Amino acid sequence: MTYKKLVEEVSEMFKSIGIDDARLTPSKNPAYGELTSLVAFDIAKERGGDPGKIAEEIVKKLSEYKSGMISSVEALSGYINFKVDWMRYSEEILKTVIIQGSDYGKSNIGSGKKIIVEHTSVNPNKALHVGHARNVCLGDTLYRLFCFLGYDVTVLNYIDDSGTQMADVILGFTELGYPLNPEDNLRFDAYCGDVVYVEVSKKIEEDPALAEKRKNIAKLIEERDEKYYKLNREIVEKVLRDQLKTCWRLRARYHILNMESDILTYDLWSEVFKKLYEIGAVYKATSGPKAGCWLLNLSFHPILSKEGDEILIKSDGSTTYVARDIAYGAWKLGGTSKDFKYRVWIRDPWGGEVLVTDLDGDVERPIHGAEKVINVIDIRQKRPQEIVKYALELLGLRANRYIHFGYEVVAMSVKDAVKMGYKPEEGEEFVHMSGRRGLYVKVDTLLDMLKEKIRSEIRDKHPEWSVEKIEEVAEEIAVGALRYSLVKTDTDKMIILDTDEMLKLEGDTGPYLQYSYARACRILEKSSLEYSFKSPIEPVEEEKQLLRRIAYFPEVVEEVGRNLLVKTLPNYAYMLASDFSKFYEKVPVLYADNIELKKFRLAEVLAFKIVLGNVLHLIGVPLVEEM
RNA sequence: GGGCCCGUAGCUCAGCAUGGAUAGAGCAUCGGCCUUCUAAGCUUAGAAAAUGAGGAAAGCCGGGGGUCGGGGGUUCGAGUCCCCCCGGGCCCGCCA
């Protein structure tokens, strides 16, 4: 029994008296019971009359159809409140959760359907910063969510291995004398990003001749010049390997790495361009500042048209980012005749194969027929993403499947920026991260800071623990803290990262959730009694609240699957953990008055542990049994 | 100039999509619980015990703290929907 079934049961009661939509919602206050119907207000609006009286009449009729779980129906100023028989309801909830275990909350609404999620897609010339981590954590949560809902999900990571920013670092290696191997044990991705990229960018700004050289290098890479292409590929793969270490550290998984250079060599674009040309969606500018460029005609689009048409092919014949993304998007939606070949490039820590596009690859992995294609890309790319979607629509690809999952960026507190040598303006409240200027907090740096803090806390609490155990748990808590903080905030809101604030691990944080989980584990391991679903007495309010929350979980999961409001999951997890803390404080389990009660409460604790475990799994917060 | 987003307690944010019963958390602050299921531990007074004091939780309870940015409108009912305004942010490149 879940909340959903309770709704079904009450809906049946209403149907038996001729009301199809009873507008049922969870009661706001436990004093009102479990379920509330607002139908009396609807009827009053439709036919006139006093909602209070209408509700009373409905209650009169309903009382003849009492169902098993409902113990009373009452009308109160227009609301129709249903109370449940908690002796039975609690039994049903516990039975359902404990029997289903890690499947509790799963659904089959996605069975047989495919979903593609693209996330991360960080340029392979630097280490990930916290802004990227927001992308990774959101994307990975979507992946986990849709798996949980029964979909067949493929995760893509787009590797832009042929842009200007690659040319920057190549320039550094070939022309400016930066050694290919960093000194002082720097990780290669951090070396490329923190040292080479930042310093080269600075030099290019000062010396226009270098900008010219960079442009030339970019061209050589794109043309697959023997020396430059090879060097580029080598650096890309090296950085990528390191980047993936960070992503894996965050517990994110990938299936396919799409190299942009391969999108070019597979020439997906020319096919797409041909179609756009045939339907008259593109034209070549013959005069004006954009003479010689091919543009996408946006004049029929109500909003996009206001900012003019979009260049797809530059006057030198090369494609723009938007053009390449249209080609990539068409491929994702199954709208290209060609498909990539892959080779197994690496295995992730969980043994999964990670494929990379490869002209001579021996692996095929068709992805066509996806019901949804979700692209996790920060909000600044909203307009280009809308253009891509519009182009896909013009190509007749049912582009409503193409979803830009946008999110606001992560900025730094002025305090943190100043520590990096930034000179703030008067009244400035945050500082945007910038790879080029070296202003950013790397994911690994932040995780290590968190870890250090946690490590010392663990040492105080468990002086007897081995170094390995401390390391392991500290890592899990650090990751939990970061992941939770990055997914709990509304995607429409900027996160201003302040490392001092971040290191506070009390209250509404990942560790709090993990702590609740560990507490439940402690209780359970101290008893070898069987569980009982039946309570010998009416559960107290703290128990009811916990069970109520537990029963609601499947509803939450489905809702997020529908509206993609990811933060609902962490919010739910927090409420659940908070309900458990109150329960823990007020309701003795191991010291319960009698053995039957103890068995029942053990089942409650177990059910809590299962549900919190399930939701933490969805948001990628590691489960910690002891902390 | 055009498009989009944000504005809820001192600070950080839930709640807004699908309008309903007294607007919720966390941090901070003040006060309380307290060895228990997260630990029969520690310091101190005492010869010792009892007891007292201090301190003590990734915990709990309570207090204070709100013109839900402002103004109109729709509605029996608006933090939630509509319009206008104010403040802040982002985007509008032959970069990606």
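Each chain gets a letter, A, B and so on, in the order its sequence line appears, and its residues count up from 1. Please read all numbers here as calculations on a predicted model, not as lab measurements.
Taking the ring centroids of A:Tyr515 and A:Tyr512, they lie at or beyond the 6.0 Å cut-off. Ring centroids of A:Phe580 and A:Tyr574 are separated by 6.0 Å or more, keeping the two rings apart.
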query = What string of B, S and - do you get for nucleotides 87-96 of chain B 5' to 3' if you count protein non-hydrogen atoms under 4.0 Å?
reply = --SSSS-BSB
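Rounded to a whole angstrom, the distance from the P atom of B:rC5 to that of B:rA17 is 15 Å. Across B:rA78 and B:rG19, the matching P atoms stand 14 Å from one another, rounded to whole Å. Using P as the reference atom, B:rC91 and B:rU29 are 37 Å apart when rounded to the nearest Å.
The distance between atom CG of A:Asn571 and atom P of B:rC16, rounded to the nearest whole Å, is 10 Å. If you take CD1 of A:Ile496 and P of B:rC11, they are 13 Å apart, rounded to a whole angstrom. Residue A:Leu565 contributes atom CG, which lies 10 Å from atom P of B:rA14 at whole-angstrom precision. Separating the CH2 atom of A:Trp465 from the C1' atom of B:rA58 is a distance of 12 Å, rounded to the nearest angstrom. Rounded to a whole Å, the CG atom of A:Leu503 is 16 Å from the P atom of B:rC27. If you take CG of A:Leu24 and P of B:rG19, they are 15 Å apart, rounded to a whole angstrom.
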inquiry  = Taking Watson-Crick (N1-N3 plus N6-O4 or O6-N4) and G-U wobble (N1-O2, O6-N3), each under 3.5 Å, can you produce the dot-bracket string of RNA chain B? Use [ ] for crossing pairs and | for inter-strand ones.
reply    = (((((((..((((......[...)))).(((((........((((.....))))....))))).....(((((..]....))))))))))))....
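Between the side chain of A:Asn81 and the backbone N or O of A:Gly33 there is no donor-acceptor pair closer than 3.5 Å. Counting only distance, with no hydrogens or angles, the side chain of A:Asp498 and the backbone of A:Ser413 share no donor-acceptor pair below 3.5 Å. A:Lys609 contributes no side-chain N or O that, together with a main-chain N or O of A:Leu524, makes up a donor-acceptor pair within less than 3.5 Å. A distance-only check finds a donor-acceptor pair linking the side chain of A:Arg324 to the backbone of A:Thr319 [under 3.5 Å]. A side-chain donor-acceptor contact under 3.5 Å links A:Lys453 to the backbone of A:Leu503. Judged by distance alone, the side chain of A:Glu543 and the main-chain N or O of A:Val540 form a donor-acceptor pair under 3.5 Å.
Across all strands shown, A:Met575 has no heavy atoms under 4.0 Å from either base or sugar-phosphate atoms. Residue A:Asn29 is in base contact, counting any heavy-atom pair closer than 4.0 Å across all strands shown. Within the nucleic acid shown, A:Ile458 comes within 4.0 Å of at least one base atom, counting heavy atoms only. As judged by a 4.0 angstrom heavy-atom cut-off over every strand, A:Ile477 is placed among the base-contacting residues. At a threshold of 4.0 angstrom between heavy atoms, the contacts of A:Glu559 include nucleobase atoms, whether or not backbone atoms are also involved.
Around the CD atom of A:Glu428, the shell of radius 6.0 Å holds more than 12 heavy atoms that belong to other residues, nucleotides or ligands. By the 6.0 Å contact criterion, CD on A:Glu205 is open, its count of non-hydrogen atoms from other residues, nucleotides or ligands being 12 or less.
Of the options A:Trp269, A:Tyr321, A:Tyr158, a ring pair (Phe, Tyr, Trp, His ring centres under 6.0 Å) to A:Tyr328 is made by A:Tyr158 and by none of the others.
Judged by distance alone with a 3.5 Å cut-off, no donor-acceptor contact links the side chain of A:Asp508 to the base of B:rU12. The base of B:rA58 is paired with the side chain of A:Lys461 by a donor and an acceptor separated by under 3.5 Å. For B:rA21, its base sits under 3.5 Å from the side chain of A:Asn81 at one donor and acceptor pair at least. For B:rA25, the base has no donor-acceptor partner in the side chain of A:Ser578 [N/O atoms by modelled type, under 3.5 angstrom]. Residue side chain A:Lys504 does not reach the base of B:rG26 through any donor-acceptor N/O pair under 3.5 Å, judged by distance alone.
Across the interface with RNA chain B, nearest-nucleotide mapping of A:Lys488 and A:Pro511 shows A:Lys488 to be the residue nearer the 5′ end.
In the set B:rU75, B:rA14, B:rA25, B:rU75 carries the atom at the smallest distance from any side-chain atom of A:Lys45. Set against B:rA14, B:rA21, B:rC60, the side chain of A:Tyr512 has B:rC60 as its closest nucleotide.
No cation-pi contact links A:Arg134 to A:Tyr407, judged by a cut-off of 6.0 Å to the six-membered ring centre and 45° from its axis.
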task = Evaluate the salt bridge (Lys or Arg N to Asp or Glu O under 4.0 Å) criterion for residues A:Glu34 and A:Lys544: first the C-alpha distance (whole Å), next the side-chain angles of each, then the deciding distance (0.1 Å), finally the verdict.
result = CA-CA 10 Å; A:Glu34 298 311 306; A:Lys544 289 179 186 172; over 6 Å; no
Scan nucleotides 6-9 of chain B against the protein and return all N/O pairs shorter than 3.5 Å with their distances rounded to 0.1 Å.
unit_1	atom_1	unit_2	atom_2	d
B:rG7	OP1	A:Lys493	NZ	3.3

